[in-house]
Amino acid sequence: MTDSHATQTRTVSTFCRICEPSCGFIAEVEGQQVTRLRPNKEHPATKGFACHKGLAFNDVHVDPDRVNVPLRRQRAESAVANSFESLDWESAIEQIGERLNGIRERYGDGAIAGFMGNPTAFNSLAQLEVPSFFRRLGGRFFSSLTQDCANKLAGSEAVFGSSNLHPVPDLAHTDYFLCLGENPKVSHMSFYSVAEPMALMRSIVSRGGKVRYVNPRRIEAVSPATGDWQPIRPDTDLYFLAALLNAIDSQGGFDEEVLARHGKRVAELRAFIADFSPDVVAPVCGIDADQIRQLASEWLSADAASVHMSTGVNMGRQGTLCYWLVQMLSFVTGNLGRRGGNIYPRGFYDSAPLGAKQRSEDISNWQDSEFGPLREVGGTLPGNLLPDFIEAGDTPIRALIVIAGNPLLSVGGEERMRESFKQLELIVVIDLYRTATAELADYVLPAVDWLERPDVNLTGVGMQAVPFVHYSDAVVPPLGERRPEWWILARLAKAMGQRSLFDSDPNRDITDVSAWESKAMAKIDALLAGAELSRDVLQQQPGGAALMPELEPEALLKSAVQFADGRVDCCPPLFDEALAAARQQLAEDTQAGGELRLINLRSNYMHNSWLHNMEKLKRPKQRDNPLHMSPADAQRLGLVDEQTVRVHNRHGEIEATVRIDDSLVSGAVAMSHGWGNAGAPGMRVASRYPGVNVNRLLPSGLGSFDKLSNQAFMSGVPVTVEALPQAQSAPVAAAAT
Ligand SMILES: Nc1nc2c(c(=O)[nH]1)N[C@H]1C(S)=C(S)[C@@H](COP(=O)(O)OP(=O)(O)OC[C@H]3O[C@@H](n4cnc5c(=O)[nH]c(N)nc54)[C@H](O)[C@@H]3O)O[C@H]1N2
Ligand SMILES: Nc1nc2c(c(=O)[nH]1)N[C@H]1C(S)=C(S)[C@@H](COP(=O)(O)OP(=O)(O)OC[C@H]3O[C@@H](n4cnc5c(=O)[nH]c(N)nc54)[C@H](O)[C@@H]3O)O[C@H]1N2
Ligand code: SF4
Ligand SMILES: [Mo]
């Protein structure tokens, strides 16, 4: 960091906290204003890579629509619906604290709930402190994990004994990469932190290797230079993976020596995949049996093969089992813990044992709840049960605090969620914006953004292509009255007479925020100290970052597996019920007709439900979220481009505009989520281009999530599409199911 005269430009090294790559940036600062963000070429890991969303983040930082002071909703008697008045922090904290205490007294501890959203994954202090606030209160805790990747936590916990062990493809050395349900070019990968994934894909292909994207859509990553498309019908990956393993076993591809030394329950795995021959699954997956056998041979003939799956598979009906079979594909063929296969790179601390500790704290604890046996995964209950918990008879939730989340748009079933919120006595939203969820809140509290707070890249450790750690101080002081989440929650705890997050004595009057911050930072400092690093040392490195030595690939099987016997569980007994259900499901899917299935579509011009207030992202074709449909389906249904249609199923209905898209397999329709901002007038750009909330078509409540992991079913949900009657012409109604 170079400091000079206040009015001159100084440069501060920092990093982006929008998504997993955490790209290194240089912020140019004049006085206390950021004037420009640019990629940091000196950063040892991200090396000058950055995308347009991160580079434009200053637009969010200075957005006139940001919430800058605490807001309180005018109660119903107010003449203006949903008007908010500002108040000072002291009053806001005092009032909320008092109401929370009243609710606890009337309804018990469980009446208070938290929902923590995705941006906290890149917010080190919030990530560490938010869950403990609710734990101390004895409250209920939900997070966007169960709309994203909870299946991976549950899957790894069952197979490796740690919810934190997620072997990543060694793309720099692999000869074969099988990529399921992931779009590296647009979304920059998840559970694999890499700044420029497409450069790695190109290098695999250019050194004679193969990349296969298994996907119902010919995604942007597909090209002669970066890999081929393997089409698949939505939500059939479990059958495909089982058949691939079945074909590999038939071709003698199991590595018996590795299995004998490091595996257990291999016979049970074999028994399961035996029912899924390529011939049986081919018609369901929409992949020829010969092609499945060909993919098996390709995998086996590669010197080293690697695999990865992401949200397109997580969100199907069998996310946990799919993650298990992905690990099995790697393990049984001797590619797990091998150069060019899947590896555990470690990073600046060893996260695998921490995931084993989490297992004892939540995952193994099935409890009888009023909704049947339920367990927490990653410390969180199923987001899809939030409305049910609010409506629960004896022990209802009555206060909800949402931190960096937008459950009204990000969780399935907007109508149910909205309806259930009416029963809450208190809703508090801590956010940057007056989002659709915030619009229903009693209080909206202004959070700092990542230019205004210090962070270490905690998320991604153990899953980095190049293991590194970086630290950034706040680049500029907070604008307005914005505050960090830990500060808000610590103040609330104190106002409630609770032990504050950072102080054992609730009565001690702590006004020195920096003292709190250093207490909050102490955990991070301890992790850094374990790697013989400190924040000071990091800040003196180029890019504020230090590269970490990678574990040798073999260490994965030698020491990272967290079961006492050190063995990989090839067929965890926990799965028994799910395996039976999967066989049953295959039988049903084999009988099912050609219904349309709805899948997700991320683009470079949206980021979940946020960044919708950035004018720069509202390019002409990016101002709403149409329903993408293959030409064959459109023709079958008599639909044309730009036509308005009704999309419905038993969960809900929406109107959308058709976009004919030849990148989709027939039978799949795709829409972007995170839209539906008509009800968020506080976000003026977003509400000008509102789009429609596709999650109205997703299930909610019991039966709408994977019991093993709490992961919501959000991809492959059947829908019916029909033309809306035209004002002038006769209706062209055509149902797809
Ligand atoms: N149909 C469908 N639904 C999906 C998905 C899908 O693919 N399809 N994807 C799912 C996935 S993977 C995810 S992760 C979830 C995300 O679900 P959520 O986390 O509930 O939603 P986001 O849209 O990420 O909203 C994040 C909110 O945090 C605010 N925010 C940003 N930075 C900060 C900060 O530093 N502090 C605070 N306090 N607030 C901040 C933003 O303004 C925004 O309102 O959505 C899920 N929903
Ligand atoms: N631009 C942008 N970048 C983002 C985000 C964003 O919203 N916008 N969100 C961030 C977040 S929170 C996350 S979790 C990551 C997610 O990163 P990814 O998981 O890569 O997310 P997507 O780009 O939605 O890719 C999912 C893919 O799965 C495919 N798919 C859908 N259904 C199925 C199926 O049944 N089987 C198979 N095999 N494929 C299927 C879809 O066609 C899609 O290409 O992205 C992060 N990066
Ligand atoms: S890829 Fe993600 S982390 Fe990198 S600049 Fe873009 S939004 Fe930020
Ligand atoms: Mo996500």
Side-chain angles (χ1 to χ4, degrees), residues 17-21 51 53 60 66-67 115-123 126 143-149 179-191 197 213-221 230-237 240 309-317 322 383 402-412 429-438 445-450 452-453 482 484-485 488 597-613 663-664 668 670-674 680 683 693-695 697-698 712 714-717:
R17 275 149 272 174
I18 298 176
C19 73
E20 289 178 45
C51 81
K53 287 174 292 159
V60 172
R66 280 284 294 270
V67 181
F115 180 96
M116 185 170 86
N118 173 267
T120 53
F122 314 103
N123 183 339
S143 90
S144 56
L145 266 185
T146 64
Q147 323 307 122
D148 181 348
C149 55
C179 181
L180 301 105
E182 180 159 39
N183 191 353
K185 189 164 180 187
V186 165
S187 300
H188 305 278
M189 307 193 71
S190 178
F191 278 59
Y213 302 100
V214 182
N215 203 303
R217 197 175 150 253
R218 192 182 63 242
I219 51 174
E220 290 77 354
Q230 174 55 61
I232 188 170
R233 292 227 177 94
D235 200 17
T236 61
D237 299 79
F240 167 69
M309 66 171 243
S310 192
T311 59
V313 184
N314 294 351
M315 295 175 183
R317 289 165 297 171
C322 287
V402 178
I403 297 121
N406 198 358
L408 204 69
L409 301 188
S410 63
V411 179
V429 169
I430 304 175
D431 206 288
L432 313 183
Y433 286 105
R434 251 174 67 192
T435 60
T437 304
L445 304 178
V448 294
D449 61 49
W450 54 261
E452 301 168 319
R453 62 167 198 254
R482 302 173 188 175
E485 294 80 1
I488 301 171
R597 288 181 178 267
L598 176 67
I599 64 169
N600 303 302
L601 178 65
R602 280 179 165 76
S603 86
N604 269 326
Y605 303 92
M606 49 71 77
H607 198 90
N608 295 329
S609 80
W610 69 297
L611 304 189
H612 276 296
N613 216 48
S663 70
L664 282 166
M671 255 181 113
S672 295
H673 68 286
M683 298 173 74
N693 182 8
V694 67
N695 288 6
L697 296 168
L698 301 184
M714 309 181 86
S715 189
V717 174

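Positions are given from 1, in the same order as the sequence printed here. Both backbone and side-chain heavy atoms feed into the values below; hydrogens, waters and symmetry mates do not. Note that ligands are numbered from 1 as they come in the structure, with each ligand's atoms numbered from 1 the same way.
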Would you say the side-chain atoms of [X] pair up with the backbone N or O of [Y], donor to acceptor, closer than 3.5 Å?
X    : Y    : answer
T437 : L408 : yes
D235 : R317 : yes
T435 : A438 : yes
E220 : N183 : no
S672 : L601 : yes

Give the residue, atom name and distance (to 0.1 Å) of the protein heavy atom nearest [atom].
atom                    : answer
atom 2 (C) of ligand 1  : H673 CB, 3.2 Å
atom 24 (O) of ligand 2 : R602 NH1, 3.0 Å
atom 44 (O) of ligand 2 : N215 ND2, 2.9 Å
atom 8 (N) of ligand 2  : M606 O, 2.9 Å
atom 3 (N) of ligand 2  : K53 NZ, 3.4 Å
atom 33 (C) of ligand 2 : G312 O, 3.3 Å
atom 19 (O) of ligand 2 : S310 OG, 2.5 Å
atom 31 (C) of ligand 2 : S715 OG, 3.5 Å
atom 4 (C) of ligand 2  : H607 CE1, 3.4 Å

Looking at ligand 2, does any of its N/O atoms fall within less than 3.5 Å of an N/O of [X]?
X    : answer
D237 : yes
D235 : yes
D148 : no
V313 : no
R233 : no
S187 : yes
I232 : no
N183 : yes
P234 : no

Run the numbers for me: atoms of ligand 2, each under 4.0 Å from some heavy atom of [X], listed by number.
X    : value
I219 : 44 (O)
V214 : 37 (C), 38 (N), 39 (N)
I599 : 31 (C), 32 (N), 42 (O)

Checking contacts here: is it the side chain or the backbone of [X] that comes within 4.0 Å of ligand 1, counting heavy atoms only? Could be both or neither.
X    : value
A447 : side chain
S609 : both
S410 : both
Q147 : both
F115 : side chain

Would you indicate whether the side-chain heavy atoms of [Y] and [X] approach each other to under 4.5 Å?
X    : Y    : value
V67  : R482 : no
R66  : D449 : yes
R453 : N123 : yes
Y213 : E182 : no
D237 : V214 : yes
P234 : P216 : yes
C149 : S190 : no
Y433 : V60  : yes

Is [X] near ligand 1, meaning one of its heavy atoms is under 4.0 Å from it?
X    : result
R453 : yes
L698 : yes
T120 : no
Y433 : yes
M315 : yes

task = Using distance alone, determine whether E485 and ligand 1 share an N or O pair under 3.5 Å.
result = yes
query = Between N118 and ligand 1, is there a nitrogen or oxygen pair with a distance under 3.5 Å?
reply = yes
task = Under 4.0 Å, heavy atoms only, figure out whether ligand 2 is touched by the backbone of N608, its side chain, both or neither.
result = both
request  = Of the side chain and backbone of S603, name the one, both, or neither that has a heavy atom under 4.0 Å from an atom of ligand 2.
outcome  = backbone
Option nearest atom 43 (C) of ligand 1 (shortest heavy-atom distance, choices D431, L432, N406, T311) = D431
query = Does even one non-hydrogen atom of H188 get within less than 4.0 Å of ligand 2?
reply = no
request  = Answer yes or no for G716: is there a heavy-atom contact with ligand 2 below 4.0 Å?
outcome  = no
ask   = Among V429, I403, V411, N406, whose side chain to side chain contact (heavy atoms under 4.5 Å, CB included) with F115 holds?
value = V411
note = From the list N693, V694, L698, side chain to side chain contact (heavy atoms under 4.5 Å, CB included) with H673 holds only for V694
